[in-house]
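Please read the structure below before turning to the comments.
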Amino acid sequence: MAEKVMVKGNEAMGEAAVRAGCRLYFGYPITPQSELTEYMSRRLPEVEGTFLQSESEVAAVNMIYGAASTGTRVMTSTSSPGFSLMQEGISYIAGAELPSVFINVVRGGPGLGDIQPAQSDYFQGTKGGGHGDYHLIVLAPSSVQEAVDLVQLAFDLADKYRNPVLVLADGMLGQMMEPVEFPEFRDLNTLPDHSSWAMQGCEGREPHKITSFDIDPINLEKMNLGYQKKYREIEANEVRYETEMIEDAEYLLVGYGTMARILGTVVKMARNEGIKVGLFRPITLWPFPYKELESAAEGKKALLTVEMSMGQMVEDVRLAINGKMHVDFYGRTGGVVPTPEEVLRELKKIVERSE
Amino acid sequence: MAAKAIFKKPQSLSDKEFTYCPGCHHGIVHRLVAEVIDELGIQGKTLMVAPVGCSVFAYTFFDVDGTVAAHGRAPAVATGMKRAMPDKVVFTYQGDGDLAAIGTAEIIHAANRGEKITTIFINNAIYGMTGGQMAPTTLLGMKTTTSPYGREVDREGYPIHVSEVLKELSGVAYLERVAVSSPAEVRKAKQAIKKAFMTQIKGLGFSLVEVLSTCPTNWGLSPIEAINWLNENMKKEYPLGVFVDKVGELK
C-alpha cells in the first residue's frame, strides 16, 4: 500500500496523469492552475516524456489534436478563459474522435473574471462549449484524492470511447493541499493499442485519414449519428454519483465538486439541529445522473441545489425532477464560496416553508 | 511490343480526382510533394496536415496518413504529431489566408521553436475557397470581393512578406520562395521541396517553401493570363530566392 503524501491539487493531478501513462503535455500558464503546467515541465523529462509550453491555449489544443491523432496519451490543463480559447479545437477533437484529457481549474467569470474558485463553466463543459452536436465526458472531483482518481479514469474513458474527457475542477481544488494516496505507475506496454485508426505512418497498410469533416451532408449526418450512438452508450454505462444520508432524509441538497464538499458539512450541521437532510453529488456532470437523482428525490419535501455560480447545474436538476417538485437554488459567484452557515440558513427557510 | 510507361502518377498521390480549378497551381505543387516523398522513400512514415481552404481535401489526395487542421492551426497540429512521433516525417500544406492571417501565431512560433516539420505554403494573394476575398498577401491595388476598390495602404495595410518575416527566426533551417510558372521553375521548386524535407529528416529545424501560385478563377483571368500576371506582379512584390539554407548541397 502506498503511503499518503501531502500534495497540492494541481500537482496531484499532474502526477496522476504521469502515473496513468501520459507522457505528453501541451499547455499555457494561467492562474489558478499554473502549478500543474509547472509540475509537468519538471516531471515529464524525468520519465522520458515531453512537455511543451505553447504560444497560446489555441495552439495547445491543436497540439493535443495532433498528438492524439497518433494515438498517444496526451493532456492539457487550463483555467476558464483559457478553456474558452480551446473550444474550437475541442469541437474538432470531438468530431475527429480523438482520445484526450482536459483539466479546467475553474475561476470566476465571465471575461477576465478573477482567479478565485468558481463553478460557472458548467454549461461550457457539459453542453458542448464549441460548435456542433458533441459532448465531452465531464468528471467533477470534490477532493484532491478524488481528483487523482478521476484523472486516471479520464484517460481510460478517453481511450475507451475515443472521446475528449474533461476534469472539471475549481480554484479551491487546484490550490488546496490534502493527503493523497497515488496509484501505481501504469505499465506503458498495457496502454490501449490505437494502431487500427491512428496516424502512425502507412507502411504496410492503407493510409489512415482522421477528420471532423465531410462536405457531403448525408455523410456528415452519418458521422454525427455515429457520435450520438457513442454518447448513448456512455450515458448507459458511465453515470457516476454519490449520496450521503438520503434514505431517511426529508430534504435533499444537490451539489458537485468543492460545493458538494461544503454541503457535506451542511448535512451534519442540519442533522445536529434535527433537520433530516441528505446529499446527492453527481460525479459525472455529463452524462448527468438524471434517473438516479429522480429516484433519490422521490418522497422528499424539498430539494435545494447549491452552486458556485448563478445556477447552471440546477437546469439539469430540474430536468431530472421534471416538474414533480419545486427545485430551490442558492449560489454565490465571482469567486465567492458559500459558507456552510449561509447554506444552512437557506435550507432552514425552505424547511420553514415546507413544514 | 508492350508499351513502356515513361510517365506515371507518383505513388504518394492517391487516385482521387483533384478538386482544383483549371490553371490552378495546387495540382503542380501536390505532384512535386508526392514525387519528393517517393524519391526519399518516406511514404510509409509521412503524416500530413491539410489546412482549411481550397486544399482542405489535400489529405485525401496524398496516399499517406493525413488529417485536416482547424483554420490556421496546422503548425500546432503538426507540432503535436511530431512531438508524439519524432521519427515520422510531418508536413503541413497551407494557403495564405490559413498561414498568414488566422494562423500567424502558430506558424511564427512553430518556426521559431525550430519545430522539425515542413510547411508547403501556397501564396496566391487571395482567398480561393470562400470566393476571392482579400488575403494578407493581396497586392496593393488588387481588387477582391472584400477590397472591391482595390487594396489601399490607408485602408487595408500592406501585403505581408511571410518568408522575409520568418527568415529572421533562429529556428528556421530551410526557407525558399519559388514559383511553378515555367518548367525550369517547376524543377527548381521540386529541389526546394526536397531540401525542405531533407532538413526535417536531418533534424536541422523548421523548413518552409513558399510557392507563388495562380488563382485564375478568383483573379478573373485565363490560366495563361494568370501566369503572366503572376510573373509581372507577384514576383516584384515577392522576389524568388533562398532565404535560409542550413542543409547545404543535396547529394
Side-chain angles (χ1 to χ4, degrees), chain A residues 22-26 28 44 49-74 76 85-93 95-96 98 100 130-131 194-195 197-215, chain B residues 11-14 16 19 37 41-52 56-90 92 102-113 115 117 129:
Chain A
C22 177
R23 294 292 179 274
L24 262 177
Y25 176 100
F26 302 95
Y28 187 85
L44 280 172
T50 299
F51 167 89
L52 182 62
Q53 181 169 324
S54 61
E55 61 269 30
S56 67
E57 287 90 347
V58 175
V61 70
N62 286 285
M63 290 170 185
I64 300 289
Y65 179 106
S69 68
T70 70
T72 311
R73 283 202 163 174
V74 63
T76 188
L85 280 169
M86 291 182 182
Q87 294 308 317
E88 176 202 43
I90 292 174
S91 167
Y92 280 67
I93 286 170
L98 299 174
S100 44
H131 59 285
H194 292 307
S195 62
W197 60 264
M199 291 175 63
Q200 300 171 342
C202 65
E203 193 72 58
R205 61 157 168 78
E206 287 298 304
H208 290 163
K209 309 292 181 184
I210 290 176
T211 173
S212 61
F213 167 62
D214 201 313
I215 201 80
Chain B
Q11 200 184 315
S12 297
L13 276 186
S14 73
K16 206 157 186 297
T19 42
I37 292 172
I42 54 171
Q43 185 187 5
K45 58 184 248 183
T46 296
L47 314 180
M48 97 153 284
V49 186
V52 170
V56 66
F57 298 104
Y59 75 104
T60 66
F61 298 146
F62 289 91
D63 245 348
V64 300
D65 283 3
T67 190
V68 184
H71 199 22
R73 319 298 178 210
V77 169
T79 296
M81 280 179 186
K82 186 74 179 187
R83 296 293 179 125
M85 303 242 137
D87 60 332
K88 302 292 183 252
V89 177
V90 183
T92 74
I102 195 166
T104 316
E106 284 77 11
I107 194 67
I108 295 259
H109 286 279
N112 192 53
R113 283 193 304 268
E115 212 60 60
I117 60 172
M129 180 65 114

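Sequence lines set the chain letters: A, B, ... in the order given, protein chains first and strands last, and positions in each chain run from 1.
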Roughly how far, to the nearest 0.5 Å, is the [atom2] atom of [Y] from the [atom1] atom of [X]?
| X | Y | atom1 | atom2 | value |
| --- | --- | --- | --- | --- |
| A:I215 | B:T19 | CD1 | OG1 | 9.5 Å |
| A:N62 | B:E106 | CG | CD | 6.5 Å |
| A:T70 | B:K88 | OG1 | NZ | 9.5 Å |
| B:R83 | A:Y25 | CZ | OH | 14.5 Å |
| B:D87 | A:Q200 | CG | CD | 10.0 Å |
| A:I210 | B:M81 | CD1 | CE | 7.0 Å |

Please classify the contact of [X] with chain A as side chain, backbone, both or neither, using a heavy-atom distance under 4.5 Å.
| X | result |
| --- | --- |
| B:K45 | backbone |
| B:F62 | backbone |
| B:A70 | both |

Mark yes or no for whether B:D65, through its side chain, and A:G201, through its backbone, hold a donor-acceptor pair below 3.5 Å.
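Looks like yes, one N/O pair under 3.5 Å.
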Can you give me the closest heavy-atom contact between [X] and [Y], atom names plus distance?
| X | Y | answer |
| --- | --- | --- |
| A:K209 | B:Y59 | NZ-O, 2.5 Å |
| A:A59 | B:A76 | O-CB, 3.6 Å |
| B:M48 | A:M199 | O-CE, 3.8 Å |
| B:V68 | A:Y65 | O-OH, 3.1 Å |
| B:R73 | A:E88 | NE-OE1, 3.4 Å |

Side chain to side chain contact (heavy atoms under 4.5 Å, CB included) between B:I108 and A:E55, worked out
CA-CA 10 Å; B:I108 295 259; A:E55 61 269 30; over 6 Å; no
- Give a yes or no on whether A:F51 atom CZ has more than 12 heavy-atom contacts from other residues, nucleotides or ligands under 6.0 Å away.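 Enclosed.
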Problem set entry | Option that, when pairs with chain A are counted at under 4.5 Å, heavy atom only, ranks first among B:V64, B:V49, B:T79 |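 The residue among B:V64, B:V49, B:T79 with the greatest pair count is B:V64.
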* Asked: Relative to chain A, which of B:V90, B:N112, B:V56 shows the most heavy atom pairs under 4.5 Å?
  ->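 Looking at each of B:V90, B:N112, B:V56 in turn, B:V56 comes out on top.
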Checking [X] against chain B: side chain, backbone, both or neither under 4.5 Å from a heavy atom?
| X | result |
| --- | --- |
| A:Y92 | side chain |
| A:R205 | side chain |
| A:I64 | neither |

Quick one: which of A:C202, A:G89, A:S91, A:A96 has the most heavy-atom pairs under 4.5 Å with chain B, could you say?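 Most heavy-atom pairs within the cutoff with chain B belong to A:C202.
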